[in-house]
Peer 1: 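Starting off with a structure, shown below.
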Amino acid sequence: MPDITPGTSTNEDLAKRLNHARYPRSNSYDPRWVIENQMGPNALWLLEWLSPALGLDALRPGARVLDLGCGRAMTSVFLAREYDAQVTAADLWIKPDDNARRIAEAGFADRVLPVHAEAHDLPFAEGGFDAIVSIDAYQYFGTNDLYLPTLTRLLKPGGRIGVVVPALRQEPGGCEPPEHLQPWWEPDFWCFHSAEWWRRHWTRSGAVEVEAADWLDDGWRDWLLWCEVIAEESPEEFHRTMARRVGEMVRHDEGRALGFVRLVGRRI
């Protein structure tokens, strides 16, 4: 990829490039704001895919939602703006003061509360949330067999948890990654699993009734487009470098193995 000065495209050009028929709500957000606050795949696109599967009850006006692993709180702002939810924006790596400033600038200080929290030590009361969402984060802590029952105690009975995670179309055989991905494979990628793996994992927990466990059709194309944009436009060199590497992997894979899985469960 040629060396391009980051941030040189106009907002109008970026909006046209990122306009996506599948994500009409996300299309209304300032693309530069989304680029500057991203920490991986396009979190707004993934949340917009997740939201209908959560159902209207979980995202009704005033619903109490825990956004777990919210990063720079873009998804929390989305939940407040699009669904009038009361959101607790929990993250380990981004300071609450930083997120509070971002949330206030977006105009949602009265509806989004940023907190510092580690996923295994959540300081919230049992039954305090109508819904829990997690976008591109749950795979890092949720593969533990004992985690889901601990997390879902924070939901009211019948409340829903919904996550979107980077995933594999099928579980690899043996102990090796897919052969064509070996040049890019990192140990962290072993937290990527198939939709069926996740369905079985959640069902076995006894904590939820699984209502959705599905694959995003052509999700790799969305992922690649976003990598290309971030590689060119992110103001942070680290993110530009990571986007180039991930983009190479996703482009080479062409959807054979890599994509996204959506999971929704209702607390039993």
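Residue indices begin at 1 and follow the sequence shown. Quick note: numbers below take in every heavy atom, side chains included, and nothing from hydrogens, waters or symmetry partners.
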Peer 1: Around atom CD of E237, are there more than 12 heavy atoms of other residues, nucleotides or ligands at under 6.0 Å?
Peer 2: no

Peer 1: Would you name the heavy atoms of A231 and A243 that are closest together and state the gap between them?
Peer 2: N-CB, 3.7 Å

Peer 1: Looking at CD of E118 and CG of D91, how far apart are the two atoms once the value is rounded to the nearest 0.5 Å?
Peer 2: 10.5 Å

Peer 1: Quick one: SG on C70 to CD1 on I103, what's the gap to the nearest 0.5 Å?
Peer 2: 7.0 Å

Peer 1: Using modelled atom types only, decide if a donor and an acceptor are shared between the side chain of R111 and the backbone of A80 within a distance under 3.5 Å.
Peer 2: yes

Peer 1: Would a distance-only check, ignoring hydrogens and angles, find a side-chain to backbone donor-acceptor pair under 3.5 Å from R256 to D253?
Peer 2: yes

Peer 1: Under the criterion salt bridge (Lys or Arg N to Asp or Glu O under 4.0 Å), I'd like the reasoning laid out for E171 against R200: C-alpha separation, chi angles, the key distance, then a yes or no.
Peer 2: CA-CA 13 Å; E171 289 296 304; R200 183 171 62 252; over 6 Å; no

Peer 1: For the hydrophobic clusters of this structure (ILVMFWY residues joined by side-chain heavy atoms under 4.5 Å, transitively), does one cluster hold both Y147 and I132?
Peer 2: yes

Peer 1: Would you say I230 and I35 make side-chain contact, with heavy atoms under 4.5 Å?
Peer 2: yes

Peer 1: Does K95 have more than 12 heavy atoms from other residues, nucleotides or ligands lying within 6.0 Å of its NZ?
Peer 2: no

Peer 1: Do the non-hydrogen side-chain atoms of R32 and E233 ever get within less than 4.5 Å of each other?
Peer 2: yes

Peer 1: To the nearest 0.5 Å, tell me how far D98 CG sits from H116 NE2.
Peer 2: 11.5 Å

Peer 1: Shared ILVMFWY cluster between V164 and L263, side chains joined below 4.5 angstrom?
Peer 2: no

Peer 1: Under 4.5 Å between any side-chain heavy atoms of V229 and N42, yes or no?
Peer 2: no

Peer 1: Any donor-acceptor pair under 3.5 Å linking the side chain of R266 with the backbone of E209?
Peer 2: no

Peer 1: Verify the neighbour count for atom CD1 of I268: are there more than 12 heavy atoms of other residues, nucleotides or ligands below 6.0 Å?
Peer 2: yes

Peer 1: According to a 4.5 Å side-chain heavy-atom criterion applied to Ile, Leu, Val, Met, Phe, Trp and Tyr, with indirect links allowed, do L113 and F108 form part of one hydrophobic cluster?
Peer 2: no

Peer 1: Does CD in Q182 sit with more than 12 non-hydrogen atoms of other residues, nucleotides or ligands closer than 6.0 Å?
Peer 2: yes

Peer 1: Verify, without hydrogens or angle tests, whether S26 (side chain) and L44 (backbone) share a donor-acceptor contact under 3.5 angstrom.
Peer 2: yes

Peer 1: Can you say whether the rings of F192 and W185 are parallel (under 30°), tilted (30 to 60°) or perpendicular (over 60°)?
Peer 2: perpendicular

Peer 1: For the side chain of W226 and the backbone of G40, is there at least one donor-acceptor N/O pair under 3.5 Å apart?
Peer 2: yes

Peer 1: Does anything in residues 54-78 pair up under ring pair (Phe, Tyr, Trp, His ring centres under 6.0 Å), and if so which pairs, sequence neighbours excluded?
Peer 2: Y29-F78

Peer 1: Any donor-acceptor pair under 3.5 Å linking the side chain of T152 with the backbone of L155?
Peer 2: no

Peer 1: Is there a side-chain contact between H20 and E48, using heavy atoms and a 4.5 Å cut-off?
Peer 2: no

Peer 1: Which atom pair, heavy atoms only, marks the closest approach of V261 to A167?
Peer 2: CG2-CB, 3.4 Å

Peer 1: Should the pair W202 and W198 be assigned to parallel (<30°), tilted (30 to 60°) or perpendicular (>60°) ring geometry?
Peer 2: perpendicular

Peer 1: Check whether NZ of the Lys or CZ of the Arg R267 lies under 6.0 Å from the centre of the six-membered ring of F129 and within 45 degrees of that ring's axis.
Peer 2: no

Peer 1: If we only count heavy atoms from C-beta on, is the F189 to P177 side-chain gap below 4.5 Å?
Peer 2: no

Peer 1: Would you call W223 and V246 a side-chain contact if the rule is heavy atoms closer than 4.5 Å?
Peer 2: yes

Peer 1: State the CZ-CH2 distance between F260 and W45, to the nearest 0.5 angstrom.
Peer 2: 9.5 Å

Peer 1: Is there a side-chain contact between M74 and M39 (heavy atoms, below 4.5 Å)?
Peer 2: no

Peer 1: If you measure from the Lys or Arg side-chain nitrogens to the Asp or Glu carboxylate oxygens, is any gap between E248 and R244 under 4.0 Å?
Peer 2: no

Peer 1: In terms of side-chain geometry, is the basic nitrogen of R153 or E126 positioned less than 4.0 Å from the acidic oxygen of its partner?
Peer 2: no

Peer 1: Can you check whether D57's main-chain N or O pairs, donor with acceptor, with R60's side chain at less than 3.5 Å?
Peer 2: yes

Peer 1: Are E36 and R72 ion-paired here, with the side-chain N under 4.0 Å from a carboxylate O?
Peer 2: no

Peer 1: Between the side chain of R169 and the main-chain N/O of G255, is any donor-acceptor distance below 3.5 Å?
Peer 2: yes

Peer 1: Is there side-chain contact between V133 and V163, with heavy atoms separated by less than 4.5 Å?
Peer 2: no

Peer 1: Would you compute the distance between atom CG of L54 and atom CG of D130 and round it to the nearest 0.5 angstrom?
Peer 2: 11.5 Å

Peer 1: If you count the non-hydrogen atoms of other residues, nucleotides and ligands that lie under 6.0 Å from CD in Q170, is the total more than 12?
Peer 2: no

Peer 1: Starting at OG1 of T88, measure out to CG of L79 and round the result to the nearest 0.5 Å.
Peer 2: 11.0 Å

Peer 1: Check whether Y140 and L92 end up in the same hydrophobic cluster, where Ile, Leu, Val, Met, Phe, Trp and Tyr are linked by side-chain heavy atoms less than 4.5 Å apart.
Peer 2: no

Peer 1: Do L66 and I135 belong together in a cluster built from hydrophobic side chains that touch within less than 4.5 Å?
Peer 2: no

Peer 1: Using every non-hydrogen atom in the two residues, find where L258 and W220 come nearest and quote the distance to one decimal.
Peer 2: O-CB, 3.9 Å

